[in-house]
Amino acid sequence: MSRIYYDQCEVRINNTGVLAISASFNSDITMGPVYTLGKRKPFKKQITTGPSSSTFQISYLINPTGDPAFNTVKEIKNFISAPQSYNGVNIGFAGVSGQKCYLNNYSLKVEPNNVITAQASYITYEPIITNALFPVPRNLTNPNNASADSIAHSSKTNLISGRNVFAKGTASELTADLYNLTYTFSCNLTPIYVLGQQTPVEVKPIRAQETVNMTENLFTKLVYTGENIPLRIQMSGLLDSNSFTIEMPDAFINNSTVESNLDDIVRATKTIVQYY
């Protein structure tokens, strides 16, 4: 049985380790000169002219038993529907730790005969905790308990809808061959500042959008008034009974295209969107 091993460092989202492919961190401060009336040269050459922020970007393999980034997606969707407290999560890797990190983008890609990869982007307006040197790897000899066969895989992915336009539906639905699929969640964040404070007192998710782009061999005629397509994406590993599910009950098709190229079959693409 194949196993997954940690290599150079752990990547953790809200204290939960993920099977990371890559991770990056970027810190930015908005600075600029200050000019006074009648002067050509700036009075101050460098001064803070906007809020500072830091961004974490993580690419990783999905474990169907739980995805900490998608848990944040569900939390944001619930917050927008019924506002409550929302404090972000903790992110850490390579000795860099971020507090109160807020998800602004999440996506995953499903391709034939391949594992499913996800990407998550978090932003924080709080000071970053860092070590002077990158830590020495601790887990080079300790395998992760997860089997490679438990990673979410395209061959164990079902796309189910309440209408007759998608593959893997009920017996009464038309069946199509699904070639690939991408899912994206994006969120607009608004930090709220008060005078005398350098960090926001609160960060609110204002609007969000889920988008699915898929390619198959069944064209869908668009309806002028829009057509509601309840959508459920269900994923699991090759030998794993656990499933990872994305629900989009109020999704609408807003684009449908047919394309044919030399030495290729005719393909139809669709874009399905749900707003929050």
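Because the structure is predicted, anything quoted here is derived from the model rather than measured.
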If you measure from [atom1] on [X] to [atom2] on [Y], what distance do you get to the nearest 0.5 Å?
X      : Y      : atom1 : atom2 : answer
Asn14  : Asn71  : CG    : CG    : 8.5 Å
Asn114 : Thr157 : CG    : OG1   : 10.5 Å
Arg267 : Glu216 : CZ    : CD    : 12.0 Å
Asn15  : Asn90  : CG    : CG    : 6.0 Å
Ser243 : Lys156 : OG    : NZ    : 12.0 Å
Ile91  : Ile123 : CD1   : CD1   : 12.5 Å

- Task: If a pair satisfies salt bridge (Lys or Arg N to Asp or Glu O under 4.0 Å) and one of its residues is in residues 188-203, list it, with sequence neighbours excluded.
- Result: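 Listed once each, the pairs are Glu202-Lys204.
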
Are the side chains of [Y] and [X] in contact, using a 4.5 Å heavy-atom criterion?
X      : Y      : answer
Leu103 : Asn105 : no
Pro127 : Gln198 : no
Ile272 : Thr211 : no
Lys77  : Phe185 : yes
Thr16  : Asp67  : no
Leu231 : Leu159 : yes
Thr245 : Arg232 : yes
Thr117 : Ile62  : no

- is_close_aromatic(Phe244, Phe70), centroid dist under 6.0 Å: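 Close enough - the centres of the two rings lie under 6.0 Å apart.
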
- Message: Can you confirm if the aromatic rings of Phe56 and Phe25 lie within a centre distance of less than 6.0 Å?
- Response: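 Yes: the rings meet the under 6.0 Å criterion.
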
Do you know the tightest heavy-atom contact between [X] and [Y]?
X      : Y      : answer
Phe79  : Pro205 : CE2-CD, 3.3 Å
Ser27  : Ser54  : OG-OG, 3.2 Å
Tyr60  : Ala120 : CE2-CB, 4.3 Å
Ser256 : Lys270 : OG-CG, 4.3 Å
Tyr122 : Pro68  : OH-O, 4.3 Å
Val273 : Met248 : C-CE, 4.5 Å

[X] side chain to [Y] backbone, donor-acceptor under 3.5 Å:
X      : Y      : answer
Ser59  : Ile21  : no
Thr124 : Lys100 : yes
Asn228 : Ala251 : yes

- Task: Decide side-chain contact (heavy atoms from CB on, under 4.5 Å) for Leu61 and Ile116; before the verdict, give the C-alpha distance in whole Å, the side-chain angles of both, and the deciding distance to 0.1 Å.
- Result: CA-CA 6 Å; Leu61 304 176; Ile116 299 175; over 6 Å; no

- Query: Is there any side chain to side chain donor-acceptor pair (under 3.5 Å) pair reaching into residues 183-196, and which pairs are they, with sequence neighbours excluded?
  - Reply: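 Residue pairs passing side chain to side chain donor-acceptor pair (under 3.5 Å), neighbours aside: Tyr183-Glu210.
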
- Task: Keeping to residues at least two apart or across chains, list the ring pair (Phe, Tyr, Trp, His ring centres under 6.0 Å) pairs with something in residues 252-276.
- Result: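 Residue pairs with at least one partner in residues 252-276: there are none.
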
- Task: Report the hydrophobic cluster partners of Val201, with the cluster defined as I, L, V, M, F, W, Y residues connected by side-chain heavy atoms closer than 4.5 angstrom, directly or transitively.
- Result: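 Answer for Val201: Ile192, Val194.
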
- Query: Remaining members of Ile265's ILVMFWY cluster at a side-chain heavy-atom cut-off under 4.5 Å?
  - Reply: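 Joined to Ile265, directly or through intermediates: Tyr179.
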
- Task: Could you give me the CA-CA distance, side-chain angles and deciding distance for Val212 and Ile233, then say whether side-chain contact (heavy atoms from CB on, under 4.5 Å) is met?
- Result: CA-CA 10 Å; Val212 170; Ile233 306 169; 4.0 Å; yes

- Task: Apply side-chain contact (heavy atoms from CB on, under 4.5 Å) to the pair Asn217 and Val266, showing each step before the final yes or no.
- Result: CA-CA 7 Å; Asn217 61 348; Val266 179; over 6 Å; no

- Message: If you apply the rule side-chain contact (heavy atoms from CB on, under 4.5 Å), what do you find for Leu108 with Thr182, and how did you get there?
- Response: CA-CA 6 Å; Leu108 59 84; Thr182 59; over 6 Å; no

- Query: Got a sec, which residues hit side chain to side chain contact (heavy atoms under 4.5 Å, CB included) with Asn113, two or more places apart in sequence or on another chain?
  - Reply: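 Applying side chain to side chain contact (heavy atoms under 4.5 Å, CB included) to Asn113 gives none.
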
- Task: Output, in order, the C-alpha distance, side-chain angles, deciding distance and verdict of side-chain hydrogen bond (donor to acceptor under 3.5 Å, both in side chains) for Glu111 and Ser154.
- Result: CA-CA 6 Å; Glu111 297 176 318; Ser154 63; over 6 Å; no

- Query: For Asn104 and Ser121, what are the C-alpha separation, side-chain angles and deciding distance, and is it a side-chain hydrogen bond (donor to acceptor under 3.5 Å, both in side chains)?
  - Reply: CA-CA 6 Å; Asn104 57 356; Ser121 175; 3.1 Å; yes

- Run through Lys74, Met235, Gln234 and flag the one making a side-chain contact (heavy atoms from CB on, under 4.5 Å) with Ile246.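 Result: among Lys74, Met235, Gln234, Met235 is the only option passing the side-chain contact (heavy atoms from CB on, under 4.5 Å) with Ile246.
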
